[in-house]
Amino acid sequence: MELKSVRGMDDLFGEELLRWRRVEEIVRNVFSHFGFAEIRTPALEKIEVFSRTVGDATDIVEKQMYTLTDISKEQLVLRPEGTASFMRAVIEHQLHQLAGPQRFFYYLPMFRHERPQKGRLRQFHQFGAELIQDPSPEADAEMISLVDTLFRKVGLREFRVRLNSVGCGTCRPAYRELLVKYLKGHIDQLCEQCKLRLERAPLRVFDCKNESCKNITAAAPLIADNLCAACSGHHRRVQGSLHALRVPYENDPTIVRGLDYYTRSAFEFTSSALGSQDALGGGGRYDGLSAQFGKANFPGVGFAAGMERVMIALAAAGSSAMHESKPSAFLAPLGEKAFELLYKMSFELKRAGVFADLSYDREKGLKNLLKAADKRGAAWAVVVGDDELAKGKALIKEMKTGTQEEIPISEIPTYLQTRINRAP
Ligand code: AMP
C-alpha cells in the first residue's frame, strides 16, 4: 500500500520551507516591534470552545470542523481558527484581569475540512493578532496598520484593504430585520444556502459568490447606512486614524466577515495575485465575544492572515524573500591539512552569521570543487591547498565575475563579512 499525506495537508521542506522561515522571521519581528507577545494554544480544544462561541451559523462550525471523540468520550476539535482558542486561554488564565490593553500574536496551523484548491487547504497556517481590553477606534486602525506593515515588510505590494462597520447590539438587530425583509422579497432568486442563511445569519448572504445572490445583495439595504450614532462615530474615527497613519484603504459596505462575534470594524485584505481565493487576511472588532464564554466582558480587535496565501502572492510578485538561500562561501580544501583548517573556519564563519558551505570530500581536485561551488550557487569559493598553506594565504574566487585574488588566511572571515554586508 502506498501511503500518502491527507488530502489538503502539505509537507513542507527544502527551499520552500526556507522561504517560509524567512517570511516567518520578518512577521515575528514586526509583531515584536508593534509590542505583540506570542501565545500558543493547543491544537485540540473542547468542541464547545467553537460551537458555543464562533457561532452555529458559520461554515466553520457547521461543516468544516475536524471533530473527534477521544477514549474518555470527550468531544474534541482540531482548532479551525485562532480567536476562540485565544479567548478561552485569556479567560482560563484570567489574563483580562491584568492591566490592559494587552497585545498578543499567534502563528499556528489551523484545520478546516474544506474542498482543497489553490490557496485553500485543510491544514493551513495563520498568523494573527489580538488586542484586548481597549474599545477605541485607534486600536482598530492600529490593527489594520499592523497588517499593512506586515504585508509590506514581507515584500507584498499589490494588495487592497477593504473596511466596513457591522454595527453593534444597538443598531444591528434593526438592520438585520430590514435586511431579512428585503431578502424575503427576493427569496426565489437566492441560492439554497442563502435561503438557510436568511434566518440564521442574514448578513452572510453578502459573502455568497453566486451571481443571482450577488445581484440581490447589490441593491440590498446596507449596514453602513443604518449605524447608530456611536457606531458611525467610531467608524469615522477609525478612518481618520488610517488617514493619519497613511494606510490606504477603501470603504466596502459588503464586508461582513463570516463570523458572528464581530462588532463595528470589519476589514479584509485581498490580493489579485491569488485568483478565486483572494483573501490574504481579515479581521475586526469582537466586543461581543468574551461574554459568550460566560464570565468576562471585555472588548477586543484582531486579525488573521493565511501564510500559504501570503507565500503564493509573494511568489507571484517575484519578491526578494523568495530567492533561494545559497551559501555565501564555498570552502574548497585540497588535501587533509587544508581540510582541517577550513573545517574549523567554516564553523567560525557560521557562528559569525556567514552561510559557509564546506566540502567534506578532501580528494575532489580543484576543478570539481569549483564545479560544486557553482552548483551550490555560492557567491565566493575559498580554495586552500598545500601551496596556499605554505604561504599562509587562500585563493578567493568571486563566482559571478570569475575574478580571484590571494589573501591571508587569517583575513578570510573579515573579507567575506564585509562583502556580504555590502550585498543588496
Ligand atoms: P478566516 O479565519 O476565515 O477569516 O481566514 C483568515 C485568513 O486565513 C484568510 O483570509 C485566508 O488567507 C486564510 N485561510 C482561511 N481558510 C483557509 C484555508 N482553508 N486554506 C488556506 N488559507 C486559509
Side-chain angles (χ1 to χ4, degrees), residues 10-43 79-83 85-86 89-90 101-112 119-121 123-132 139-161 242 245-249 267-271 273-274 277-284 300-325 353 355:
D10 284 348
D11 298 310
L12 199 55
F13 56 92
E15 285 299 334
E16 178 68 5
L17 179 55
L18 291 174
R19 287 194 277 273
W20 275 56
R21 293 277 296 266
R22 274 195 291 279
V23 171
E24 286 164 7
E25 196 183 319
I26 298 169
V27 166
R28 284 177 182 279
N29 280 337
V30 174
F31 277 136
S32 136
H33 295 151
F34 274 70
F36 285 72
E38 187 172 10
I39 182 164
R40 294 186 191 178
T41 57
R79 174 186 54 218
E81 58 101 45
T83 304
S85 319
F86 166 75
V90 165
Q102 293 185 74
R103 295 171 170 83
F104 293 93
F105 83 88
Y106 58 85
Y107 174 60
L108 293 166
M110 304 291 163
F111 305 86
R112 293 183 197 172
R120 190 162 76 190
L121 290 114
Q123 176 181 277
F124 59 100
H125 299 75
Q126 281 186 340
F127 54 87
E130 318 285 358
L131 192 168
I132 54 169
D140 305 22
E142 172 182 332
M143 200 50 77
I144 295 167
S145 165
L146 166 63
V147 186
D148 180 79
T149 307
L150 279 163
F151 287 167
R152 282 179 203 285
K153 288 272 182 201
V154 300
L156 290 177
R157 294 291 175 271
E158 303 297 315
F159 60 85
R160 293 167 72 184
V161 189
L242 289 174
L245 299 175
R246 281 186 297 205
V247 176
Y249 71 94
F267 57 85
E268 205 161 274
F269 282 71
T270 54
S271 164
L274 288 175
Q277 301 298 315
D278 68 348
L280 282 168
V301 57
F303 85 91
M307 184 68 180
E308 283 78 3
R309 298 205 190 156
V310 167
M311 297 311 289
I312 294 172
L314 279 175
S319 146
S320 59
M322 295 292 101
H323 292 326
E324 287 174 19
S325 111
F355 178 8

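- Pairing each heavy atom of Ala305 with each of Phe151, the nearest pair is CB-CZ, 3.9 Å.
- In terms of the salt bridge (Lys or Arg N to Asp or Glu O under 4.0 Å) criterion, residue partners of Arg152 (sequence neighbours excluded) are, by chain and number, Asp148.
- Residues Met110 and Pro80 form no side-chain contact, since every pair of their non-hydrogen atoms from C-beta on lies 4.5 Å or further apart.
- Here the closest heavy-atom approach between residue Ile132 and residue Val90 is recorded as CD1-CG1, 4.0 Å.
- The CG atom of Leu242 sits 5.0 Å away from atom CD1 of Ile144, with the distance rounded to the nearest 0.5 Å.
- Qualifying side chain to side chain donor-acceptor pair (under 3.5 Å) partners for Ser145, counting only residues two or more places apart in sequence or in other chains: none.
- When the side chain to side chain contact (heavy atoms under 4.5 Å, CB included) test is applied to Ala139, the partners found at least two apart in sequence or on another chain are Leu131, Asp134, Ser136, Arg285, Val301.
- Ring-plane geometry between Phe36 and Phe34 is classed as tilted, the angle between the planes lying from 30 to 60 degrees on a 0 to 90 degree scale.
- Take Glu308 and apply the salt bridge (Lys or Arg N to Asp or Glu O under 4.0 Å) test, not counting sequence neighbours, and it matches no residue.
- A 4.5 Å side-chain heavy-atom check between Val154 and Leu150 finds every atom pair outside the cut-off.
- Taking the ring pair (Phe, Tyr, Trp, His ring centres under 6.0 Å) definition, one finds that Tyr249 meets it with His243, sequence neighbours left out.
- Across all non-hydrogen atoms, the minimal contact from Ala89 to Thr41 is CB-CG2, 4.1 Å.
- Other residues, nucleotides and ligands contribute more than 12 heavy atoms inside 6.0 Å of the CD atom of Glu16.
- Taking the side chain to side chain contact (heavy atoms under 4.5 Å, CB included) definition, one finds that Glu24 meets it with Trp20, Arg21, Tyr107, Met307, sequence neighbours left out.
- Not counting sequence neighbours, the partners of Leu274 by the side chain to side chain contact (heavy atoms under 4.5 Å, CB included) test are Ser271, Asp278, Leu280, Arg309, Ile312, Ala313.
- Separating the CZ atom in Arg112 from the CD atom in Glu81 is a distance of 7.0 Å, to the nearest 0.5 Å.
- Rounding to the nearest 0.5 angstrom, the gap separating the CG atom in Leu156 from the CE atom in Met311 is 9.5 Å.
- Listed by chain and residue number, Phe105 satisfy the ring pair (Phe, Tyr, Trp, His ring centres under 6.0 Å) test with Phe31 (two or more places apart in sequence, or in another chain).
- Among residues two or more places apart in sequence or in another chain, the side chain to side chain donor-acceptor pair (under 3.5 Å) test is passed with Arg160 by Glu250.
- Note on residues 29-39: pairs passing side chain to side chain donor-acceptor pair (under 3.5 Å), not counting sequence neighbours, are Arg28-Glu38, Glu38-Arg40.
- Here the closest non-hydrogen pair linking Leu108 and Ile39 is CD1-O, 4.5 Å.
- Across Pro248 and Val161, no two heavy atoms sit closer than the pair O-CG2, 3.6 Å.
- In this structure, Tyr106 has no ring pair (Phe, Tyr, Trp, His ring centres under 6.0 Å) partners at least two apart in sequence or on a different chain.
- For Arg79, there are no salt bridge (Lys or Arg N to Asp or Glu O under 4.0 Å) partners two or more places apart in sequence or in a different chain.
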